[in-house]
Amino acid sequence: MKIATWNVNSVGARLPHLMRWIQEDAPDVALLQEIKCVSEAFPYETIEDMGYNVAAFGQKSYNGVAILSKFPLEDVTRGLPTFAQDTQARYIEAVTNGVRVASIYVPNGSEVGSDKFSYKMAFYGALGDHATQSLSYGEPLVWGGDYNVAPYAQDMHDPALSGEPRILCSVEEQRALRTLISQGFCDGLRQVFPASQEAGKGLFSWWDYRAGSFNRNKGFRIDHLLLSPQASDRLEAAGIDAHTRGWERPSDHAPVWITLV
DNA sequence: ATGGTAGCAAAGCTA
């Protein structure tokens, strides 16, 4: 069972890429972020014709998340249950083929110390509360998404940025993501590619559109798949489809995937 | 170096 997460940066603008990637990569489950459209505007027919069930939770112009699956989608939840006051579409959850999956778009945070940064930290707090509940059920759980944090120095093209007061890299953000993982998740990609080994170096999932970041491989690993123990026991393989970032008019993020036995 | 590019939507906001 292959489960992937991808921040597509507008499902409308990226539909040709999404279709090409689905055909080439054939994920069983795709967790999408930043669909940037209302739920009704999702290209359901196009994706359903490719053999997927779709559940979307969108909003106008910004944010928005979706789950695609070759298996039926059951028990769909839109919005973080522990963050009822949130007005932005950043979380959707469903059970598919016996695995409870979530597609998560953590706020970017803009600048460390800003109001948007406080919102990011509050979102992490709500995620932690929901994780406490979710992990208590002892189910296979895969939380995929754009967490907008590079948790360790090895997740940055320049390790010196780690802990610096800049967005994606700060001590506060790293603590928030590491604390979430410590509640009982495993970082799927790091499990397969330890940062201490050669294959674990230079694994990035996002490259800024500006300043030729991709061509210079100035990337960060901010998109993650977090697995409960019942999922990580079944972890077989993992990877990042970085080549999609080299396609014409790409998303600034690349798909991250795992397979479960 | 406070730039640089992309998407939405129609000027500025968000990333």
Side-chain angles (χ1 to χ4, degrees), chain A residues 5-21 31-43 46-47 56-66 79-80 83 86-92 103-124 127 144-151 155-158 160-161 164-170 172-174 176-177 204-224 240-256:
Chain A
T5 181
W6 191 13
N7 179 325
V8 294
N9 187 16
S10 170
V11 73
R14 218 66 61 208
L15 190 55
H17 281 23
L18 179 59
M19 294 171 69
R20 177 178 170 185
W21 170 72
L31 308 167
L32 307 183
Q33 300 87 40
E34 279 208 90
I35 61 174
K36 287 190 169 179
C37 62
V38 294
S39 302
E40 305 77 52
F42 192 94
T46 303
I47 302 302
F57 181 40
Q59 69 176 79
K60 183 179 165 65
S61 305
Y62 299 110
N63 311 313
V65 287
L80 253 183
F83 201 17
D86 195 4
T87 58
Q88 303 186 7
R90 298 181 173 276
Y91 184 94
I92 187 170
S103 178
I104 304 169
Y105 179 41
V106 173
N108 169 277
S110 187
E111 290 182 37
V112 175
S114 67
D115 288 348
K116 291 189 176 70
F117 189 80
S118 300
Y119 170 51
K120 182 177 194 172
M121 292 299 111
F123 193 90
Y124 264 107
L127 269 183
D146 175 1
Y147 288 81
N148 265 317
V149 177
D155 302 313
M156 308 171 183
H157 62 87
D158 180 0
L161 295 173
E164 289 295 304
R166 71 178 249 169
I167 211 66
L168 314 180
C169 306
S170 72
E172 296 95 321
E173 292 165 271
Q174 291 183 326
L177 178 54
F204 307 136
S205 66
W206 174 80
W207 299 260
D208 199 305
Y209 282 123
R210 299 164 289 191
S213 298
F214 182 65
N215 288 334
R216 298 193 286 168
N217 200 24
K218 289 183 173 293
F220 296 82
R221 192 175 71 93
I222 60 175
D223 301 271
H224 310 289
I240 301 180
D241 294 330
H243 67 281
T244 63
R245 184 63 176 78
W247 290 350
E248 192 176 349
R249 295 182 68 80
S251 167
D252 43 352
H253 296 253
V256 180

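Everything numeric in this text was worked out from a predicted model, so none of it was measured. Proteins come first, then strands; the chains are lettered A, B, ... in the order of their sequence lines, and each starts at number 1.
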Would you tell me whether D208(A) and S213(A) have side-chain atoms, one donor and one acceptor, within less than 3.5 Å of each other?
-> no
What integer number of Å spans the P atoms of dT14(B) and dA9(B)?
-> 14 Å
Distance-only polar pair, side chains of D146(A) and Q33(A), donor-acceptor under 3.5 Å = no
Atom-pair distance (CG on L15(A); C1' on dC8(B)), nearest Å = 17 Å
Using the P atom on both, measure dG3(B) against dC13(B) and round to a whole Å.
-> 15 Å
Is a side-chain donor-acceptor pair under 3.5 Å present for Y119(A) with D86(A)?
-> yes
Length of the line joining N7(A):CG and dA15(B):C1', which is rounded to integer Å = 9 Å
P gap between dT2(B) and dA15(B), integer Å = 23 Å
Between K116(A) and dT14(B), does any side-chain N or O lie under 4.0 Å from OP1 or OP2?
-> yes
Comparing R216(A) and H253(A) on DNA chain B - which has the more 5′ nearest nucleotide | R216(A)
Here the distance between atom P of dG4(B) and atom NZ of K218(A), to the nearest Å, is 17 Å
Residues in salt bridge (Lys or Arg N to Asp or Glu O under 4.0 Å) with R14(A), at least two apart?
-> none
Counting distance only, does the side-chain N/O of W6(A) pair as donor-acceptor with the main-chain N or O of H253(A) below 3.5 Å?
-> yes
Is a side-chain N or O of R90(A) found less than 3.5 angstrom from the main chain of Y105(A), in a donor-acceptor match?
-> yes
Rounded to whole Å, NZ of K60(A) lies from P of dT14(B) at a distance of 15 Å
Within this structure, what is the NZ-to-P distance between K120(A) and dT14(B), rounded to whole angstrom?
-> 15 Å
Could you state the CZ-P distance from R90(A) to dT14(B), rounded to the nearest angstrom?
-> 11 Å
With sequence neighbours left out, which residue pairs that include part of residues 104-118 of chain A fulfil the salt bridge (Lys or Arg N to Asp or Glu O under 4.0 Å) condition?
-> none
Round to a whole Å and report the spacing from CD of Q59(A) to P of dC13(B).
-> 17 Å
Spacing between W206(A) atom CH2 and dA15(B) atom P, to the nearest angstrom | 12 Å
Quick one: label Y105(A) by what it contacts on the DNA or RNA (base, sugar-phosphate, nothing), any heavy atom closer than 4.0 Å.
-> sugar-phosphate
For nucleotides 5-7 of chain B, which of its nitrogen or oxygen atoms have a protein nitrogen or oxygen under 3.5 Å away, and what is each distance?
from: dG7(B); atom 1: OP1; to: R14(A); atom 2: NH1; distance (Å): 2.9
from: dG7(B); atom 1: OP1; to: R14(A); atom 2: NH2; distance (Å): 3.2
from: dG7(B); atom 1: OP2; to: R249(A); atom 2: NH2; distance (Å): 2.6
from: dG7(B); atom 1: O3'; to: S10(A); atom 2: OG; distance (Å): 3.4

